[in-house]
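Values reported hereafter were calculated over all heavy atoms of this structure, with side chains retained and with hydrogens, waters and symmetry mates removed.
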Amino acid sequence: MPRPRARVALLAALTALTLAACGATDPEEPAAPATSSATPGATVAACQEPVEGFAVTTDADGRPLPERTGGAPASLLTGPVTAVLPDDDVEPVTTAPQQQLPVTVESCDGETVEVTDTSRILAVDLYGTLAEIVFSLGLGDDVVGRDTSTGFPAAEDLPLVTPGAHDLNAEAILGLNPTVVLTDATIGPTDVQLQLRDAGIPVIFFDDVRSMDTIPSQIRAVAGALGVPEAGELLVERTQEEITAALDLAPVPTEAPSIAFLYLRGGMVQLLGGPGSGADSLIRAIGARDVGTELGLERPFTQITAETLVSVQPDVLLLMSAGLDSIGGPAGLLDVPGPAQTTAAQEGRVVDMDDTTLLSFGPRTGRVVEALARAVYQ
């Protein structure tokens with residue numbers, strides 16, 4: 001069965017609220033077994049099975065990790081906090097990855113793509129995850145452009161191929177003459193990606209799900225497609241170590257707090273994150289409870305009533321920074337029905353994080369977990 005698609009669910013919810021949504025289609029190919037092989041003639045699956053409990057309860061191969069002990073007991077935040085990464089740039093796991101080409105890739109849209117040249121890479125998706133992985137593999141010097149979400153310092157000077165928010169521009173991409181395009185269904189319009197493929201450019205669709213569990217499979221898929229599987233394994237190992245270290249620093253509260261992940265846009269859109277939103281896995285990772293999951297929501301994002309939010313009274317509200325800014329910051333929550341009636345908003349227990357950083361689930365996730373834990377707990 002296809003796994004939940006948080007981006008698609010969010011777009012559907014926004015469409016129901018008569019907001020414009022991206023026209024990307026959602027490749028629904030079943031996940032293939034994980035493989036890191038990239039020897040000449042080998043086939044790499046762009047969609048691979050996630051690793052349940054990655055870096056929290058299991059390692060990258062699904063083996064149990066020692067039980068977490070956590071840091072010292074702590075209390076919840078007492079005022080609004082913006083969670084910021086201690087270092088927001090990427091760090092290559094190697095500067096000269098050994099590469100084996102050509103590679104045959106089973107794209108997530110069902111097409112078979114052959115990669116013979118990675119000298120001019122373009123990696124684009126809604127969260128900036130794919131480009132973050134490419135740079136972390138040590139191939140950043142071969143990247144020729146970026147999307148709006150790819151804003152870490154190492155990539156910020158690259159030309160934009162999404163001049164209008166998150167919409168891909170075919171002419172801008174063709175002008176960069178990429179030799180391979182890495183993408184997924186979170187960005188589009190899909191006609192642009194297919195146009196690039198028709199122009200003879202290898203275009204690979206990767207899994208568009210973002211969560212803690214998909215980190216190793218995503219890294220392995222990208223590394224395999226680019227012919228650097230060994231660098232991919234090094235990156236998976238480093239990412240696991242960083243997440244585990246961040247979790248060891250996270251305090252152990254006396255009682256697990258409840259956190260509601262809200263998606264707000266100008267007070268008109270009020271969605272509650274649930275299973276598959278991505279934030280749910282981060283919330284669990286820092287020892288807290290995801291309100292949307294506990295409510296029994298069936299979709300990653302669901303429009304809720306003010307009464308529902310008031311009835312659950314979450315201990316902490318978690319938002320994307322742009323969403324919080326759209327209502328005037330933490331004080332603006334007191335003007336939005338629902339959040340305004342929660343003790344969390346009234347007492348300022350509000351945490352926000354940069355939109356693309358929070359849900360990117362790339363090699364910097366250890367830093368995301370650390371920043372979120374430090375923001376939520378004192």
Side-chain angles (χ1 to χ4, degrees), residues 5-8 10-12 14-15 19-27 46 88-90 107-109 118 120-136 139-199 201-210 218 222 225-226 263 265 269 278 320-323 325-326 353-364:
R5 308 270 177 185
R7 167 62 175 168
V8 175
L10 176 55
L11 288 178
L14 294 177
T15 301
L19 297 182
C22 172
T25 58
D26 182 16
D88 64 348
D89 209 352
V90 298
S107 175
C108 287
D109 66 339
T118 63
R120 300 184 64 80
I121 303 169
L122 182 64
V124 289
D125 66 289
L126 180 68
Y127 307 103
T129 311
L130 297 175
E132 181 180 332
I133 292 174
V134 173
F135 272 80
S136 299
L139 297 173
D141 288 343
D142 297 326
V143 178
V144 295
R146 68 178 180 93
D147 51 45
T148 305
S149 300
T150 302
F152 47 82
E156 61 186 1
D157 293 331
L158 291 172
L160 274 174
V161 297
T162 51
H166 297 288
D167 290 338
L168 295 170
N169 183 289
E171 291 184 2
I173 295 174
L174 290 170
L176 296 175
N177 193 28
T179 57
V180 62
V181 174
L182 315 182
T183 189
D184 66 18
T186 66
I187 198 168
T190 307
D191 287 347
V192 171
Q193 291 139 317
L194 298 182
Q195 179 182 345
L196 299 175
R197 186 179 280 169
D198 289 341
I201 302 171
V203 176
I204 304 169
F205 283 89
F206 291 86
D207 195 349
D208 59 358
V209 176
R210 298 290 184 272
Q218 190 82 288
V222 172
L226 297 178
Y263 182 93
R265 282 298 183 267
V269 180
M320 296 181 181
S321 297
D325 291 342
S326 74
M353 182 177 275
D354 178 78
D355 295 38
T356 57
T357 302
L358 177 63
L359 299 180
S360 65
F361 293 104
R364 296 180 297 169

For the side chain of [X] and the backbone of [Y], is there at least one donor-acceptor N/O pair under 3.5 Å apart?
X	Y	value
S360	G128	no
S321	M353	yes
S149	L126	yes
R197	V203	yes
T186	D208	no
R120	V144	no

Indicate the atoms forming the closest heavy-atom contact of [X] with [Y], along with that distance.
X	Y	value
A131	D125	N-OD1, 4.5 Å
C108	F206	SG-C, 3.4 Å
I133	P363	CG1-CD, 3.8 Å
T118	D142	O-CB, 3.5 Å
I201	P178	CG2-O, 3.8 Å
V143	L158	O-CD2, 3.5 Å

Please name the residue in the list D198, T183, D109, D184 that meets the side chain to side chain donor-acceptor pair (under 3.5 Å) test with Q193.
T183

Compare all side-chain heavy atoms of [X] with those of [Y] and state whether any distance is below 4.5 angstrom.
X	Y	value
R364	V90	yes
I187	T162	yes
D88	F152	no
L182	V180	yes
N169	V192	no

Quick one: pull up [atom1] in [X] and [atom2] in [Y] and give me the separation to the nearest 0.5 Å.
X	Y	atom1	atom2	answer
L226	I121	CG	CD1	5.0 Å
T190	Q195	OG1	CD	12.5 Å
L168	D191	CG	CG	11.0 Å
M320	R265	CE	CZ	7.0 Å

Test log, rule side-chain contact (heavy atoms from CB on, under 4.5 Å), inputs F361 and Q218
CA-CA 9 Å; F361 293 104; Q218 190 82 288; over 6 Å; no

Name of the residue among T148, L122, D167 meeting side chain to side chain contact (heavy atoms under 4.5 Å, CB included) with V161
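Checked T148, L122, D167 against V161; only one passes side chain to side chain contact (heavy atoms under 4.5 Å, CB included): L122.
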
